[in-house]
Number of protein chains: 2
Amino acid sequence: MELPKVGSIGEYIRQQRQQAKISLRQLAAQAGVSNPYLSQVERGLRKPSAEILNQIAKGLHISAKVLYVQAGLIEDREPDSDVLAAIRADVTVTERQRQVLIDIYESFRKENRAGNPEAQPSRPAEPPTGDAVLTENTATPDSKEG
Amino acid sequence: MELPKVGSIGEYIRQQRQQAKISLRQLAAQAGVSNPYLSQVERGLRKPSAEILNQIAKGLHISAKVLYVQAGLIEDREPDSDVLAAIRADVTVTERQRQVLIDIYESFRKENRAGNPEAQPSRPAEPPTGDAVLTENTATPDSKEG
DNA sequence: TCAAAGTGCTTGCAATTGCAAACTCGGCGG
DNA sequence: CCGCCGAGTTTGCAATTGCAAGCACTTTGA
């Protein structure tokens with residue numbers, strides 16, 4: 001999925017609507033907002049609140065967060081700092097388990113920094129795959145949310 | 001961190017401010033919003049936009065997302081998906097290391113799910129410990145969110 | 001004690017948001 | 001041709017948001 005520059009929330013909404021092949025009035029009805037207002041939002045004449053974005057997202061059947069990112073309300077998370085933050089925020093594991101995970105993660109990273117970065121214990125095909133997966137995640141805003 | 005019920009964004013902001021031991025005017029200055037307005041927000045007389053929440057979060061040195069969650073703008077993501085997604089996306093560890101982390105993480109969670117709800121929050125050594133800490137998690141409102 | 005400083009709140013106002021009524025345009029069928 | 005319908009836009013308005021000036025009360029320091 002292509003992500004246009006943050007700030008063009010109206011363009012993005014129109015783009016998504018057109019991809020979904022529905023009219024402005026249909027989306028407005030599905031989103032529960034007035035169609036004139038939606039028209040204005042799409043053309044950048046009005047700046048919708050987060051709640052309206054939420055409604056529009058529902059009408060488009062997409063995640064509201066995508067629209068928040070587009071509107072600049074939240075940031076697209078950096079994948080690499082996510083592991084530590086995610087572990088720390090995870091409440092389905094215990095504090096000690098979190099620490100264990102963090103320790104292991106950190107030692108892995110230290111290992112990789114000290115050792116050959118090229119030394120991949122796994123199959124030679126792995127690194128490219130890893131990269132590809134990263135690209136995938138980059139393209140999926142949802143997976144970035146923390 | 002205690003999370004009061006979603007909807008009481010004003011209470012939450014006041015709570016965070018008081019925990020930080022700063023006056024309403026100080027926070028307002030740090031956040032770049034007017035202090036009367038902040039006062040009204042705290043008392044629930046006004047409903048701040050996402051941008052104002054962003055500014056307030058900066059003033060409080062907390063994540064804006066926390067405030068969005070409190071304000072009901074976004075949902076609290078399942079922590080488990082964050083950790084898994086983060087690990088998968090992490091390029092600073094090898095594929096094998098990623099799998100190890102995921103396996104450990106999953107076994108921890110399985111442990112915690114299957115564990116006794118009985119309170120035994122003590123020794124940090126073995127799976128029984130995990131059970132004990134599950135009780136801890138149960139007592140944490142965070143685990144109920146999302 | 002008193003004055004100054006700090007704290008949080010009240011009030012009025014300009015700008016913005018979201019809506020409803022109405023409008024214009026294009027396509028289609030009688 | 002005309003009328004109808006669906007599409008998107010224009011316009012005016014009420015409600016809301018965020019601010020600045022000012023107020024009332026409390027705390028602090030001489």
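Remember, predicted model here, so these are calculated numbers, not experimental data. First the proteins, then the strands, lettered A, B, ... as listed; each starts at 1.
Among the heavy atoms of the strands lying under 4.0 Å from A:Val33 are primed sugar atoms or P, OP1, OP2 only; no base atom is included. In this structure, B:Leu38 reaches neither bases nor backbone, as no heavy-atom distance under 4.0 Å exists between it and the strands shown. A:Ser23 comes within contact range of the sugar-phosphate backbone alone, with a heavy-atom separation under 4.0 Å but no base atom that close. The residue A:Gln40 sits close to a base: some heavy atom pair falls under 4.0 Å. Contacts of B:Ser49 with the nucleic acid, taken as non-hydrogen atoms under 4.0 Å apart, involve only primed sugar atoms and P, OP1 or OP2.
In this structure, CD1 on A:Ile13 lies 4.0 Å from CD1 on A:Ile56, to the nearest 0.5 angstrom. In this structure, CD on B:Gln97 lies 11.0 Å from CD1 on A:Ile104, to the nearest 0.5 angstrom.
Here the P atom of nucleotide C:dT7 and the CZ atom of B:Arg14 are 14 Å apart, to the nearest Å. Distance B:Leu27 CG to C:dC9 C1': 16 Å, rounded to the nearest Å. Atom C1' of nucleotide C:dT7 and atom CD1 of B:Ile22 are separated by 13 Å, given to the nearest angstrom. Computed from coordinates, the B:Arg43 CZ to C:dT10 C1' distance equals 8 Å when rounded to whole Å. Put simply, CG on B:Leu24 is 14 Å from C1' on C:dT10, counting in whole angstrom units.
When DNA chain D is scanned 5' to 3' for any atom under 4.0 Å from a heavy atom of chain A, the first and last hits are D:dA7 to D:dG12.
Pairing each heavy atom of B:Leu24 with each of B:Arg17, the nearest pair is N-NH1, 3.1 Å.
B:Arg14 contributes no side-chain N or O that, together with a main-chain N or O of B:Arg43, makes up a donor-acceptor pair within less than 3.5 Å. Side-chain atoms of A:Tyr68 come within 3.5 Å of backbone N or O of B:Leu73 as a donor-acceptor pair. Without hydrogens or angle criteria, B:Gln40 side chain to B:Arg46 main chain gives no donor-acceptor distance under 3.5 Å.
Taking for each of B:Arg25 and B:Tyr37 the nucleotide of DNA chain D with the nearest heavy atom, the 5'-most of the two is the partner of B:Tyr37.
The side-chain hydrogen bond (donor to acceptor under 3.5 Å, both in side chains) analysis of residues 23-36 of chain A, with sequence neighbours excluded, yields no pairs.
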